[in-house]
Amino acid sequence: MTNMKRRVFLKGILTTGGAVCAGMLIPQVVLASWPTTAFNAGSVDQTLKDLFAGESITESAKISFPELPTLAQDARSVPVNISTTLPKVSQITLLVDKNPRPLAATYLLSDRVEPKLSMRVKMAKTTNVVAVVKSNGKLYSARKKVKITIGGCGG
Amino acid sequence: MNLSRREFLRLLAMAGAAGLPLGAGAGSTGAVRTASRGPSDFYELPPFGNVSLLHFTDCHAQLLPVYFREPSINIGVDSMKGHPPHLVGEYFLKHYGIPAGSRRAHAFTYLDFVELAHRYGTLGGFAHLATLVKRLRAQRPGTLLLDGGDTWQGSATSLWTRGQDMVGAQLRLGVDVTTGHWEFTYGAERVMEIVKKDFKGKIDFLAQNVVTKDWGDPVFQPYTIREINGVSTAVIGQAFPFTPIANPAYMIPDWSFGIDQNRLQKTIEEVRGKGARVVVLLSHNGMDVDLKLAGHVRGLDAILGGHTHDAVPRAVEVPNAGGKTLVINSGSNGKFLSVLDLDVRKGGVRDYRFRLLPVFSNLLPADPEMSAYIEQVRAPYRSKLGEKLATTEGLLYRRGNFNGTFDQVICDALRSVLSAEIAFSPGFRWGTSVLPGRQITLEDVMAQTAITYPVVTRNEMTGSRIKTILEDVGDNLFNRNPYYQQGGDMVRVGGLRYTMDPTQDIGHRISDMELNGKPIDPKKKYTVAGWANVSHPLEGRPVWDIVSEYLRDRKTIPVGRANVPRLKNVQDNPGYAA
């Protein structure tokens, strides 16, 4: 499991590097503080507790998933984009509610980075994806459902 | 003509009602003027405005005229309940003011299907459609003909020629623009071969929502802009957004599909920026998705849609942040042709007239050129197609949310030939009807089964797995949010009985599953026969072989009631006729 998560994590960083300006990310810092407990947590609540020590999180319409499919074409590789208009974003976290280990990735961003991320994530079944954004030191979140279906029978 | 004067006047009144002006002023003067001349022709339709679009969709490769029974069950849940397209039978006639027993009642509903089929004859057929298209084009210079897709699949000859018979028919009919869904089941290479060779410079195959998986580059041209009588008119294409889920993804391994509302919005802005005064979407979304999309994007004058096979006689006007979008869905199987006439001024579309014309084969003489072409493409297969397998004692049909009688025959054949306790057959919306007392030919069987992944399977499944499948497919049909619907109807079942409540959520719709009067045990394994597996290519017998073998052995087929589940919470639903 650890290897898989590490791979997903690294893929996330690489994707981010391609999507925005690579030089503005600080991957060394991220790797230095690898949140082992949070990545091993088995529920969204536990993950959030591990990552943010119980800080309150407000729902925000300023976070969106621009191209997230409603029905996943391939559950092994679902494209997830997170975008926000919140100011001074220092961290963006993605959780996949129904995955055995919900934390898919957490990004630490310099506030000069445009807060737009793209990644691909494996999903076990129909689930909410949850984005948590740290803006001006406060936490905000948004969620959207992705349906994983057996397929066939259409048309 | 078999059309009474009274019915004709009613039609005209309806045309007037359908043509409610978008802007201020402009009543239905065209209709009034014509009414005073009296009924001369079922297809008399005075030209209107300066931009005309003709649209047909989901013909499913039916080159010849067909019988096609519209559904008696087409349930809409939540906000969709009781609204078009979720109206059947009497509810439909009442909503649209169509007299019972009339030609239009026969075209649009299942009511008295057999009796009216004998009275009014077949519908559709490309030779008859061609005559109608030519007539309308002669009155409407510059008209564009839009084909909404699902054109290359659905018949024996389309399967055996890998869509080539239909490609030839599209070119001869003068299709200008098309998009796709079942087209993709011939594989990416075949699609590109047709698009780049046969269609080159003649037909634009458009899809703004198909991109490469790696870089998200467009696979097809997203739109075309044409000058029609001096009006710059943009058509954007929208292929079926869930093709790789509903059909085999391995056929199109490098392409990604989706509704892609944001990209569509950008595309609309792009074509408006290039000066398009009319912007329409040629859509294969399905009507519920079209209606939702119309409310969310700005700048579309009309969506001309298909996929869910809904024949909707009036355009639905959907308000949105940019004004209003007309949503039109034009039925299936070559039965209908939509005529959208737009009065376009400097500021854009000012008024419109819309009619969905049923294509009655005996009211429209066959176009000689198209007839000759159809004869020619069928000739090599004629004896094979005509093989008489059995006689049906009752009406065979498929369309509807649950089992049709033809599905019942397929499920019975699967259970019998493959010795399975339970059979599953996909909830396709295509598949023509066979009248009682007629011979079932191989061509009829192929019209229910002609797909590129036809191999039958026989598996053991636990009762709980069977429930999961029914719940999953049920949610693709009845999810309250159209963007989570996949299109298609409920999986057809043989042997198994169950109760369904379409108004519930996934996991809670299906109950009381039983086999031979005994409850299904979640832990017990049952043998289940099926076909149309989408996960990977299989070797084995195609389903038409199994069904043909079953029919040949029986000679006559008694037709009872289709195995429709017991339904809960639908008694007052206008999409349900018991």
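Lettering of chains follows the sequences in order, A, B, ..., and the numbering in each one begins at 1.
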Hey, could you give me the CG/OG distance between B/Asn262 and A/Ser83, rounded to the nearest 0.5 Å?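 Going from CG on B/Asn262 over to OG on A/Ser83, the span is 10.0 Å.
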
Below 4.5 Å from any heavy atom of chain B, which atoms of A/Leu68 appear? Answer side chain, backbone, both or neither.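 The answer is neither part of A/Leu68.
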
Side chain from CB out, backbone as N, CA, C, O: work out which of these in A/Pro66 comes under 4.5 Å of a heavy atom of chain B, or both, or neither.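 Backbone plus side chain of A/Pro66, per the 4.5 Å heavy-atom cut-off to chain B.
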
Is the number of heavy atoms from other residues, nucleotides or ligands within 6.0 Å of NZ (A/Lys49) greater than 12?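 No, because the 6.0 Å sphere around NZ of A/Lys49 holds 12 heavy atoms or fewer from other groups.
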
Heavy atoms of other groups near A/Lys145 NZ, more than 12 under 6.0 Å: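 More than 12 heavy atoms, drawn from other residues, nucleotides or ligands, come within 6.0 Å of this atom.
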
Top residue by heavy-atom pair count (under 4.5 Å) with chain A, among B/Asp475, B/Asp58, B/Thr243?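 Top count of heavy-atom pairs under 4.5 Å with chain A: B/Asp475.
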
Donor-acceptor pair, A/Gln73 side chain versus B/Trp255 backbone, under 3.5 Å?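 Here the side-chain-to-backbone pair exists.
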
Using non-hydrogen atoms and a 4.5 Å limit, figure out which bit of [X] sits close to chain A: side chain, backbone, both or neither.
X	result
B/Phe257	both
B/Ile469	both
B/Gln485	backbone
B/Ser535	neither

Hydrogens and angles aside, do A/Lys147 and B/Asn476 bring a side-chain donor and acceptor to less than 3.5 Å of each other?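 Yes - a donor-acceptor pair under 3.5 Å links their side chains.
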
Nearest heavy atoms of B/Tyr483 and A/Leu71, plus distance in Å: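 So the minimum-distance heavy-atom pair works out to O-CG, 4.4 Å.
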
Nearest heavy-atom neighbours spanning A/Ile150 and B/Asp472: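 Heavy-atom minimum between the residues: N-OD2, 2.9 Å.
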
Is any side-chain heavy atom of B/Phe242 closer than 4.5 Å to a side-chain heavy atom of A/Thr149?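 No, too far: nothing below the 4.5 Å cut-off.
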
